[in-house]
Asks: 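Mind looking over this structure? Questions follow.
Order of appearance sets the numbers: ligands from 1, and atoms from 1 within every ligand.
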Amino acid sequence: MAAGAALTDRHGAVEGRPEQFDLLGRTWTLLPGVFAPIHTTTTELFSTWLPFPVGGSFLEIGSGAGVTAVTAALTGCARVTALDISSAAVRNTAANAERHGVADRVRVLRSDLFDALDTDEQYDVIYWNSNVIDAPPEFEYLDELQWAFFDRDYAIHSRFLSQGPKLLTPHGRMFLGFNTLGNKERLRVMADGLGLELTTFRRQAGEVGGIGVELCLLEVLVS
Ligand SMILES: C[S@@+](CC[C@H](N)C(=O)[O-])C[C@H]1O[C@@H](n2cnc3c(N)ncnc32)[C@H](O)[C@@H]1O
């Protein structure tokens with residue numbers, strides 16, 4: 001929990017926060033109150049590792065500033081949906097889709113997990129760089145930025161695992177960007193209970209807000 005609070009402070013700091021940043025060879029708009037990819041290596045690494053379905057459909061939960069969703073579209077995904085519970089993140093993703101000329105292919109919606117999707121939507125790849133800190137059931141979200149780090153009682157992780165597989169195309173794949181600040185054991189128990197398997201697609205030592213962690217892109221295997 002202390003790590004989550006430190007991360008919220010760091011990503012919420014106004015002083016010295018740029019209005020734009022460079023990542024993956026492009027310049028990105030950064031709005032106040034949005035998870036800032038400059039403070040961690042997760043956004044860059046996961047966006048590099050993800051097998052974007054060229055010509056297919058990509059769904060990102062929690063798009064933040066929009067780097068991954070926009071990169072998916074620029075890599076050749078025909079249809080990208082970017083969802084975030086934070087209104088500032090939704091505006092930020094839309095601004096970057098516009099900035100990089102892919103607003104026609106990136107649909108951005110404010111949504112609590114999958115709630116804003118139509119019931120018949122299906123995707124070739126579903127991805128979430130998750131808010132990994134397992135917050136206690138009594139945790140109160142005080143501002144939108146805390147959604148970037150905390151998941152109360154791991155309820156969103158639980159819903160991601162139970163609802164996500166139903167949104168996949170027949171050969172669709174589901175990924176979770178995770179790190180060692182998260183509760184991997186709890187995640188594994190949830191996956192087991194749903195008959196899902198978690199495998200490590202790629203991992204690497206890295207840092208999150210100055211804290212050394214192991215970053216891993218997990219694949220959720222649906223049998
Ligand atoms: C760790 S940040 C990752 C942001 C971005 N994907 C990136 O990699 O730079 C997690 C994001 O998930 C969003 N989020 C958290 N809970 C959510 C929920 N229930 N539904 C949708 N988005 C959520 C947060 O607002 C935040 O933007």
Asks: Would you please determine whether A65 falls within less than 4.0 Å of ligand 1 on a heavy-atom basis?
Replies: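 Judged by the 4.0 Å heavy-atom criterion, A65 does not count as contacting ligand 1.
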Asks: Can you tell me which residue and heavy atom of the protein come closest to atom 8 (O) of ligand 1, and the distance to 0.1 Å?
Replies: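 So the nearest neighbour among protein heavy atoms is N129 ND2, 2.8 Å.
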Asks: Where on E60 is there a heavy atom closer than 4.0 Å to ligand 1, on the side chain, on the backbone, on both, or on neither?
Replies: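 Side chain only; the backbone of E60 stays clear of ligand 1.
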Asks: Let's go through W147 and F35 carefully: what are the C-alpha distance in whole Å and the side-chain angles of both, what is the deciding distance for side-chain contact (heavy atoms from CB on, under 4.5 Å) to 0.1 Å, and is it a yes or a no?
Replies: CA-CA 9 Å; W147 284 103; F35 177 90; over 6 Å; no
Asks: Would you call the rings of F160 and F114 parallel, tilted or perpendicular if under 30° counts as parallel and over 60° as perpendicular?
Replies: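 F160 vs F114 ring planes: parallel.
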Asks: Which atoms of ligand 1 have any heavy atom of L113 under 4.0 Å away?
Replies: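 So the answer, numbered in order with elements, is 18 (C), 19 (N), 20 (N), 21 (C).
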Asks: Counting heavy atoms only, which of I85, T93, L45 is nearest atom 17 (C) of ligand 1?
Replies: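 Minimum heavy-atom distance to atom 17 (C) of ligand 1 goes to I85.
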Asks: Parallel, tilted or perpendicular: which one describes the rings of W128 and H157, with boundaries at 30° and 60°?
Replies: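 Tilted.
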Asks: Are R159 and ligand 1 in contact, using a heavy-atom cut-off of under 4.0 Å?
Replies: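 No; R159 lies far enough from ligand 1 that no heavy-atom distance drops under 4.0 Å.
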Asks: Would you please name every residue forming a side chain to side chain donor-acceptor pair (under 3.5 Å) with R188, sequence neighbours left out?
Replies: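 With neighbours one apart ignored, the set is empty.
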Asks: If you measure from CG on L83 to CG on L59, what distance do you get to the nearest 0.5 Å?
Replies: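 Output value for this atom pair is 5.5 Å.
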Asks: Please confirm whether I156 comes under 4.0 Å of ligand 1, counting heavy atoms of the residue only.
Replies: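 It does, in that a heavy atom of I156 comes within the 4.0 Å cut-off of ligand 1.
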Asks: Against heavy atoms of T43, which atoms of ligand 1 measure under 4.0 Å?
Replies: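 Atoms satisfying the 4.0 Å criterion: 7 (C), 8 (O), 9 (O).
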Asks: Do we see a donor-acceptor contact under 3.5 Å between the side chains of Y123 and T81?
Replies: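 Their side chains do contain a donor-acceptor pair, which is all the 3.5 Å distance test asks for.
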Asks: Please work out, at 4.0 Å between heavy atoms, whether the side chain, the backbone, both, or neither of S63 comes within that distance of ligand 1.
Replies: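 The answer is the backbone of S63.
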Asks: Any N or O on S86 sitting closer than 3.5 Å to an N or O of ligand 1?
Replies: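 No, S86 has no N/O under 3.5 Å of an N/O on ligand 1.
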Asks: Which residues pass the side chain to side chain donor-acceptor pair (under 3.5 Å) test with E144, sequence neighbours left out?
Replies: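 Checked E144 against side chain to side chain donor-acceptor pair (under 3.5 Å); matches are S86, S87, R110.
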Asks: Closer than 4.0 Å to some heavy atom of S111 - which atoms of ligand 1 meet that?
Replies: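 That gives atoms 20 (N), 21 (C) of ligand 1.
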Asks: What residue and atom, counting heavy atoms only, is the protein's closest point to atom 4 (C) of ligand 1, and at what distance?
Replies: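 Ranking protein heavy atoms by distance from atom 4 (C) of ligand 1, first comes G62 O, 3.4 Å.
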Asks: What's the shortest distance from atom 25 (O) of ligand 1 to any protein heavy atom, and which residue and atom give it?
Replies: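 Its nearest protein heavy-atom neighbour is D84 OD1, 2.6 Å.
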Asks: Distance check, rounded to the nearest 0.5 Å: N129 atom CG versus T42 atom OG1?
Replies: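 Spacing of CG (N129) from OG1 (T42) equals 4.5 Å.
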Asks: Assess whether atom CD of E219 is packed by more than 12 heavy atoms of other residues, nucleotides or ligands within 6.0 Å.
Replies: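 Above 12, so yes.
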Asks: Going by heavy atoms, is D112 under 4.0 Å from ligand 1?
Replies: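 In this structure, D112 qualifies as a contact of ligand 1 - some heavy atom is under 4.0 Å.
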Asks: With heavy-atom distances below 4.0 Å as the criterion, list the atoms of ligand 1 near W128.
Replies: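 Numbered from 1, ligand 1 contributes 12 (O).
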Asks: Taking the six-membered ring for Trp, are W28 and H100 parallel (under 30°), tilted (30 to 60°) or perpendicular (over 60°)?
Replies: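 Correct class here is tilted.
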Asks: I need the contact type for F35 against ligand 1. Using non-hydrogen atoms and a strict under-4.0 Å cut-off, is it side chain, backbone, both or neither?
Replies: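 The answer is the side chain.
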